There are 2 protein chains.
Amino acid sequence: MKKVSISDIARKAGVSVSTVSFVMNDKAVKMRISREVIEKVENVAREMGYRPNQLARGLRTGKTKTIGLIVENISNAFFATLAKTIEDEAKKYDYKVVYASTDNDDDKARELLNMLSQRQVDGYIITPTLNLAEDIRRLQAESKPVVLIDRYFPQHSEIPAVLVDNYEGVARGTERLIEKGYKKIALITIETEMAHMHDRINAYYDVLNRHSIPVSDSLVKIVPYNSSREGALDQIVQFLSKAGSDIDAVFFLTNYLGVLGIEAIKKLQIKVPEQLAVLCFDDNDIFRLYTPTISVIKQPIAEIGQQAMASLIERLKQNGEEVAAVTNAPVKLIADLVARESI
Amino acid sequence: MKKVSISDIARKAGVSVSTVSFVMNDKAVKMRISREVIEKVENVAREMGYRPNQLARGLRTGKTKTIGLIVENISNAFFATLAKTIEDEAKKYDYKVVYASTDNDDDKARELLNMLSQRQVDGYIITPTLNLAEDIRRLQAESKPVVLIDRYFPQHSEIPAVLVDNYEGVARGTERLIEKGYKKIALITIETEMAHMHDRINAYYDVLNRHSIPVSDSLVKIVPYNSSREGALDQIVQFLSKAGSDIDAVFFLTNYLGVLGIEAIKKLQIKVPEQLAVLCFDDNDIFRLYTPTISVIKQPIAEIGQQAMASLIERLKQNGEEVAAVTNAPVKLIADLVARESI
DNA sequence: GATGCTCGCTAAATCGTTTTAGTTCTTACC
DNA sequence: GGTAAGAACTAAAACGATTTAGCGAGCATC
C-alpha cells in the first residue's frame, strides 16, 4: 500500500491538483471553490487518509515548521526537563522539535548544526559549546533565528540567549553560607572556559572578597572535563578527604557534580551539615530525597524553556525581514535558593 | 545570504547539475567523470559551503535517513537514557532520530505518528500506548519498519518488540524477598491495561501462590494513571501508613513510583529495611544514593536500545521487500536484581 | 568511409507540494 | 449585441535534488 498523494486525491475527486491544494490549506473560499467541490475533496481526502508530504511542502515553501534543539546531553535531568518543556511549548505554536546532544564537543555540535541545517529547520535553540559562535553567526547570516539557552557568548551580543543569572545565583548561595557562619567554603566545579561557569566562579570569589574572607586555590577543585564518571568521583573523594576539617562547607557548581559529591560524602561518611555544609547549583530529585536533604540554587527550567521558545517564535515571525543585527542583552532569570537540611 | 544549491555549484563550476550530483554522491567514477572535473566540482562545493538540501533529496529518493522515536516522556530518566542510547546507535548507522513524548495518551501518540509519517521518516521505534496497535499496523502496511520498545502487544506478534522480561524480573525480585523471609509483600503499581505491566503483576501473584503465601487485594495498591505527582504521593503515603505492620516489604513496579515511594517512606519515617523492605523495578540514581540504598530490578537500558536499533536497521535494509508478515516473538532481555541495603 | 565502441558528460523527467497567472463560462449592464 | 466583470477552476512553473537515457567526439576496425 503506497502513500496517497495530492494527485491521487485530485484524480479520484475529478478536480485539479491545485483545487485540492486550496481545499487542504483552507484557501478554498479565497479561491472561490464551490461548496460542493470543497466537500467532495474533503471527503475523498478523508476516505483515502491523505496526509500531505511535509518534505514536498517544505521544499516548496521553504518552511518546515520544525525547530532544532541542541543540548549537551539529553540523558541529563536538567536537559531532559528542558527538552520536554520546549517540546510542549513548541506544540502550542504548532512547531515540531528535533533534538540532539553535543556531549559538549565542538565538532559534534558543528555536525549537528549541519545536519539540522540540511534538514531545513526553521530555527534553533542551542546549548552552545565553547567555539560555536562562528557557526552560529553563519546560521544567522542565512537569516535563521537562533536562541541560546543555558550558556551564552558575552562577546557576541548579537546572539540572543536565555539563561539563569549564574552570578546572582552563586552570589546568593555563597552569601547564605556565610550568613550561616561557614567560613571555609570549598568550591567544586568543572573545567570549562564557558562564560556561564566563569560567572558562577566569579560570584564565589567576589562574595568572599566582599566579606574579607581569605580565598585560596586549595579551596577550589576543578574537575577536568574529560573525566569519566568514576574518575570524577575519585577526584572529589580525594579532595574532600584531603581537605578534611580545612573546609566547613562545599558548593558544587553543577547538578552532575553535586550528585557525585553526594556519593563521595556518603562514601566518606561525612556528617552533613555538622562536619560539612553542602550546597549545589541546580536541583535534582536526589537532593530532595537524600538524608539530609540538600540545599540548592534552583534554576527555573520551565521558564527558561518558555522564554527561549517565545523569543524564537518572535524571531520566526519576522521571517527573514533582516532584523538588522540587533544587540540583545542575554535574558537572565533569577534562580532561587532552596534551603534544606544540608546548610 | 541565501543557501547555495546544487545549481549554484553547477553554474560556478561550469558543469551540469547532474555532474555535480554524481560527484557529491561518489558516483563520479562510475559515471566516468574526469579527475579534473571532479576536483573542480569538489573545490567549488567546498568554497561555497554547499550542503545538499535533505528535503529535496528525501523527496526524490523516498529515504530521509531519519528514524522516529516515540517515548512516553523524555524527561523520565529511563526514557531519557534510552533516547540517548538510541541517538548514539543511530549515528553509527548514519541515521538521525526525531523524538517525541506521548505522555501515554493514545491521541497524542496518534498525532505524533502522523507527524512523523508526514515527515517521511524511514522507520520507527515506539513505546506504544494502549490502543496504538491499529495505527502501527497501518505504518507496516505502508512498509515502514517499526520496532516497539519497553512495551508490546501480545496479540499482535507481527509487530516486533524489544523489552525486558518483565515477568522474570518481578518473579526474581519476589522470590528474593521471600528467600529473605518477608511474607507480607505489598505491591504498588500504576493503573494500566498494558501487557508489560500485567506481566509484572502476574509474576508477583504467581510467585506468592507457588510459595503458598496468601495474597490479598489489600496488599496491592493501584495508583490511577491520571494522578498528579502530589496525588500519587499522597496515595502512597496513605497506603503505607494504613498498612502499617500488615506488610513487611513493598515492591514498586516502576521507577517513578519508587521515587515517590522513597519520598513517602521518608515522610513517614519508616525504617528500611527493619520495618519495611523496599524493592523497585528499574534503577535510578536516587536508589544508589539514598540511605539505605534501595535494591532494584535493573533493566538493561543500553541493550534494549541497541537491540531495538539493530532490529530496525535489519528491517530497513530489506527496504520494502514485503517481508511477508513475519511473526516475531518479542525479544525479552533479562533484568538483573541489584541487591542493596533495603532488603 | 561507414560502423561501432568508449569516454565524458548533459537533458530532462521525477518526487509532491504551493502558487501565480490564466482560461472558460455566466451574468450584468448599457 | 457587445463588453466588462465576476465565478469557478486549471495549467504550469518552481522548490532542489537524483537518475535514466542519450548525445557528440574520438578512435579502432573492417
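Protein chains get the first letters and strands the later ones, always in sequence-line order, with residue 1 at the start of each. What you see is a predicted model; the values in this text were computed from it and never measured. The figures here come from the full heavy-atom set of this structure, side chains too, leaving out hydrogens, waters and symmetry mates.
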### Whole angstrom value for the distance that separates P of D:dA7 from CZ of A:Arg35
16 Å
### Message
Quick check for you: among D:dA17, C:dT19, C:dT17, whose closest atom lies nearest to any side-chain atom of A:Ser21?
### Response
C:dT19
## Note on the structure
Of the listed D:dT18, D:dC9, C:dC9, the closest approach to the A:Ile33 side chain comes from D:dC9
### Message
For C:dT18, does the base pair up with any side-chain atom of A:Arg60 as donor and acceptor (N or O, under 3.5 Å, distance only)?
### Response
yes
### Task
Take atom CE of A:Met31 and atom P of D:dA8, then tell me their distance rounded to the nearest Å.
14 Å
### Task
Using a cut-off of strictly less than 4.0 Å, decide whether A:Ser34 has a side-chain nitrogen or oxygen near OP1 or OP2 of D:dC9.
yes
### Message
What I want to find out is whether B:Glu39 reaches B:Arg35 closely enough, with some N-O distance under 4.0 Å, to be called a salt bridge.
### Response
yes
### Message
Nearest to the B:Phe22 side chain among D:dT18, D:dT19, C:dT18, which nucleotide is it?
### Response
D:dT19
### Message
Strictly below 4.0 Å: does A:Lys27 bring a side-chain N or O up to OP1 or OP2 of C:dT19?
### Response
yes
### Task
State whether a side-chain donor-acceptor pair under 3.5 Å links B:Asp103 with B:Ser101.
no
#### Entry: Candidates D:dT19, D:dA17, C:dG16 - which lies nearest the side chain of B:Ser18
D:dT19
### Message
Does D:dC15 have its OP1 or OP2 closer than 4.0 Å to a side-chain nitrogen or oxygen of B:Asn53?
### Response
no
### Message
Please tell me if B:Thr19 has a side-chain N or O lying less than 4.0 Å from either OP1 or OP2 of C:dT10.
### Response
yes
### Query
Looking at A:Ser16, does any N or O in its side chain come under 4.0 Å of the phosphate oxygens OP1/OP2 on D:dC9?
no
### Task
Establish, with yes or no, whether the OP1 or OP2 oxygen of D:dT18 is under 4.0 angstrom from a side-chain nitrogen or oxygen of B:Thr61.
no
#### Entry: Atom-pair distance (CD on A:Glu36; C1' on D:dC9), nearest Å
13 Å
### Query
Would you call A:Asp88-A:Lys92 a salt bridge at under 4.0 Å N-O?
no
### Message
Less than 3.5 Å apart, any donor N or O on the side chain of A:Thr129 or A:Asn104 sitting next to an acceptor on the other?
### Response
no
### Summary
Atom NZ of A:Lys40 and atom P of D:dA8 are separated, to the nearest Å, by 19 Å
### Task
Starting from C1' on D:dT18, measure out to NZ on B:Lys30 and report it in whole angstrom.
11 Å
